[in-house]
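Only a predicted model underlies this, so the values are computations on that prediction, with no experimental measurement involved.
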Protein chains: 2
Amino acid sequence: MELDQLDRDIIAALVDDARQTYADIGHQVGLSASAVKRRVDRLRETGAITGFSARVSPQALGWTTEAYVELFCQGKTKPSDIALAVTRFPEVVAAATITGEADALLHIRATDVRHVERVIERIAAMAFVVRTKSSIVLSRLVDTPPGAAVPEARNTSATPS
Amino acid sequence: MELDQLDRDIIAALVDDARQTYADIGHQVGLSASAVKRRVDRLRETGAITGFSARVSPQALGWTTEAYVELFCQGKTKPSDIALAVTRFPEVVAAATITGEADALLHIRATDVRHVERVIERIAAMAFVVRTKSSIVLSRLVDTPPGAAVPEARNTSATPS
DNA sequence: ACTGAAAGCCGAGCCTG
DNA sequence: CAGGCTCGGCTTTCAGT
């Protein structure tokens with residue numbers, strides 16, 4: 001699946017504001033509305049664009065506290081086991097297996113510090129968990145909606161302007 | 001700013017699909033289209049909804065590799081210094097100051113492992129950085145678009161079903 | 001504060017260059 | 001593969017309850 005510069009510009013425009021009209025996007029990228037629509041349709045077909053979502057302010061919804069938790073598991077634990085277990089916690093908004101000492105890293109959103117504590121407590125109680133190591137987020141410095149930047153522009157890679 | 005259950009249902013619907021018609025949302029939550037629109041307008045005014053964005057598949061755009069990097073900084077380093085510095089890297093999609101040994105945690109998206117290495121190299125070269133500790137993501141287990149769950153439903157908190 | 005109707009405008013499909 | 005056109009339908013607004 002090849003993406004040219006036009007596709008990337010369209011994606012960037014839609015990440016910025018998914019409710020723009022096709023005509024507006026066309027103006028930005030230099031295409032007509034129908035041409036933009038056909039490209040957007042294709043981008044959705046191919047899976048480059050997976051959907052459209054409202055951006056919400058977590059703190060406005062009451063999620064004022066977040067934490068990162070490293071998970072140390074028993075040797076025989078499968079990644080799918082971890083996935084299955086943590087999916088059940090709505091507070092776990094992200095999770096990944098990682099290299100290094102820990103087996104997995106969880107990203108947790110909660111209403112307050114006490115809430116974080118309760119969640120970690122219950123996660124640590126799971127059978128395959130040996131121990132956890134958690135860090136409370138003091139202040140969020142960056143939170144980029146993914147897709148804002150495009151990797152193919154190699155000059156920007158690892159080269160702060 | 002108070003959010004009642006209707007507002008939360010509307011937000012959940014818009015997070016799921018930001019391009020639904022107001023009539024559809026109204027059907028789901030039991031309101032007319034115009035009532036839904038006015039509530040959405042208010043939610044945008046108050047900042048609960050910050051915008052609408054296309055969901056893109058990072059790997060479809062070429063971001064196939066991600067990593068988490070712990071930053072250990074000099075004692076006099078201000079969070080704003082870190083923020084300013086890492087914002088310049090498009091690869092840093094998230095950053096936060098945290099409790100614990102490290103001063104900050106960065107979330108990096110790159111095209112491949114080599115790219116990750118280059119970025120970390122340049123981050124480590126910054127004046128205030130004493131050392132870094134990085135973990136490559138092996139597989140992503142969970143990636144929840146934020147706002148899908150609502151904290152006020154206290155029964156679900158820390159209580160996997 | 002929600003409902004319902006009227007007017008403007010966008011989106012989807014087809015057809016042409 | 002991009003552009004232009006048309007109609008159905010959604011968004012928006014306003015009056016009404």
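Straight-line distance from the CZ atom of F52(A) to the P atom of dC10(D): 17 Å, rounded to whole Å.
Sorted by first and then second residue, the ring pair (Phe, Tyr, Trp, His ring centres under 6.0 Å) pairs with a member in residues 92-111 of chain A read Y68(A)-H107(A); sequence neighbours excluded. Within the structure, salt bridge (Lys or Arg N to Asp or Glu O under 4.0 Å) contacts touching residues 93-108 of chain B (residues at least two apart or in different chains) are K133(A)-E101(B).
Five base pairs at each end of the helix from dA1(C)-dT17(D) to dG17(C)-dC1(D) define two local axes, and these are offset by 20° (rounded to 10°).
Under the salt bridge (charged side-chain N to carboxylate O under 4.0 Å, His left out) criterion, R55(B) pairs with no residue at all, not counting sequence neighbours. Applying the salt bridge (charged side-chain N to carboxylate O under 4.0 Å, His left out) criterion to E2(B), with sequence neighbours excluded, gives no partner residue. In this structure T97(B) satisfies the side-chain hydrogen bond (donor to acceptor under 3.5 Å, both in side chains) test together with S139(A), sequence neighbours excluded. In this structure D24(A) satisfies the salt bridge (charged side-chain N to carboxylate O under 4.0 Å, His left out) test with no other residue, sequence neighbours excluded. Taking the side-chain hydrogen bond (donor to acceptor under 3.5 Å, both in side chains) definition, one finds that R114(B) meets it with E117(B), sequence neighbours left out.
Considering R39(A), R44(A), K37(A) in turn, K37(A) is the only one that fulfils the salt bridge (Lys or Arg N to Asp or Glu O under 4.0 Å) rule with D41(A).
Contact annotation: Y22(B) does not reach the phosphate of dC10(D) (side-chain N/O to OP1 or OP2, under 4.0 Å).
Across all their heavy atoms, G47(A) and S57(B) have their closest contact at O-CB, 3.4 Å.
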Write out a two-atom table: protein N or O, nucleotide N or O from nucleotides 3-9 of chain D, distance below 3.5 Å.
unit_1: dG3(D); atom_1: OP2; unit_2: S32(A); atom_2: N; d: 2.7
unit_1: dG3(D); atom_1: OP2; unit_2: S32(A); atom_2: OG; d: 3.0
unit_1: dG4(D); atom_1: N7; unit_2: S34(A); atom_2: OG; d: 3.0
unit_1: dG4(D); atom_1: O6; unit_2: S34(A); atom_2: OG; d: 3.1

Contacts under 3.5 Å, N or O only, protein and nucleotides 15-17 of chain D:
none

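Under the 4.5 Å side-chain heavy-atom criterion for ILVMFWY residues, a single connected hydrophobic cluster contains both I120(A) and I136(A).
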Exercise for the section: Please report the C-alpha distance between M126(B) and I82(B) in whole Å, then the side-chain angles of each, then the deciding distance to 0.1 Å, and finally whether the side-chain contact (heavy atoms from CB on, under 4.5 Å) criterion is met. Expected result: CA-CA 10 Å; M126(B) 297 188 298; I82(B) 304 176; over 6 Å; no
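Taking 4.0 Å as the cut-off between side-chain N and carboxylate O, R118(B) and E91(B) do not count as a salt-bridged pair.
Of the possible polar contacts, none joining the S134(B) side chain to the V69(B) backbone as a donor-acceptor pair under 3.5 Å is found.
Residues of residues 39-50 of chain B that place a heavy atom closer than 4.0 Å to DNA chain D do not occur.
Once you apply a 4.0 Å limit to the heavy atoms of chain B, the touched nucleotides of DNA chain C run 5' to 3' over dC2(C) to dG4(C).
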